[in-house]
Amino acid sequence: MAERRHGVAAPPTETTIRSREWEFRDLEKETFRRVLFVDVDLTETVNRGSVFEECTFRGVRFNCSVHEDAAFLNCTFTRCGFFDSAFTRCKLTGSMFSDCTYGALKVSGGDWSFVGLPGADLRGSDFSSVRLREADLTGARLESAEVRDCDLSGAWLHSADLTGCDLRGSDLTAFDLENARFRGAVIDQYQATTVAAMFGFEVRPD
């Protein structure tokens, strides 16, 4: 799954669900594998524990949807909408996002390792205690977002804009300080030591 961000094609789908109205539908521990969802409306859907494996979503509306303990494994999202959607303790490892809109996306807990979000406009989004190891955030816009207590080790952040982003408690070891924008970003005193070391300072006690 990690190679998806290197241009490997999405897995082939075997069945298609097209233009089906699913607003307000509850998904309770359902399983979908290699399904192509096209122009499906999942607005305000509540998803508890369902698993989507190697599925592709094109033009799907996830606006105001709620996902708890769900999994989207190695999935592909193209031109999808996530305005005001919430993901709690969800697993999205290896999934890729392209030309999607996010708005007030809220992610709490869960594993988003190897996720591809290059160029994503995540301004104002809220990520809390999320595992984002080796996530592709190249060129992502995270101005005024919250990325608190997240594991960003090995993440790609080249040309990312984190202006005014609240990064307290997150792993900063993968940050590209020369090729990303951090003006006004908020960090804690422990992270300040890490950043000082990145600039070559030797930090000593008084």
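Sequence positions, counted from 1, serve as the residue numbers for this chain.
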Are there more than 12 heavy atoms of other residues, nucleotides or ligands under 6.0 Å from atom CZ of R48?
no
Residues R183 and T163: side-chain donor-acceptor under 3.5 angstrom
no
Atom CZ of residue position R58 - does it have more than 12 heavy atoms of other residues, nucleotides or ligands inside 6.0 Å?
no
Walk me through whether F87 and L105 qualify under side-chain contact (heavy atoms from CB on, under 4.5 Å).
CA-CA 8 Å; F87 292 81; L105 173 68; 3.9 Å; yes
For S95 and F77, which heavy atoms make the closest approach, and how far apart are they?
CB-CE1, 4.0 Å
Verify the neighbour count for atom CZ of R18: are there more than 12 heavy atoms of other residues, nucleotides or ligands below 6.0 Å?
no
Lys/Arg-Asp/Glu bridge criterion (N-O < 4.0 Å) met for D188, R168
no
Taking R181 first and then D161, would you say they form a salt bridge - that is, a charged N and a carboxylate O separated by under 4.0 Å?
yes
I want to check something: taking the side chain as every heavy atom from C-beta on, are F83 and T101 in contact at a cut-off of under 4.5 Å?
no
Name the one of D84, D39, D41 that satisfies salt bridge (charged side-chain N to carboxylate O under 4.0 Å, His left out) with R61?
D41
Do S50 and H67 have side-chain heavy atoms sitting under 4.5 Å apart?
no
All heavy atoms of N63 vs all of F82, minimum pair found to be OD1-N, 3.5 Å
Any side-chain heavy atom of V107 within less than 4.5 Å of one from L92?
no
Please examine the side chains of F114 and N74, heavy atoms only from C-beta on, and report whether any two atoms are closer than 4.5 Å.
no
Test side-chain contact (heavy atoms from CB on, under 4.5 Å) on F175 and L167; report intermediate values, then the result.
CA-CA 11 Å; F175 277 31; L167 295 160; 3.7 Å; yes
Run T15 and F32 through side-chain contact (heavy atoms from CB on, under 4.5 Å) and show every step you take.
CA-CA 10 Å; T15 58; F32 302 86; over 6 Å; no
Can a side-chain donor-acceptor contact be found between T45 and N47 if the only test is distance below 3.5 angstrom?
no
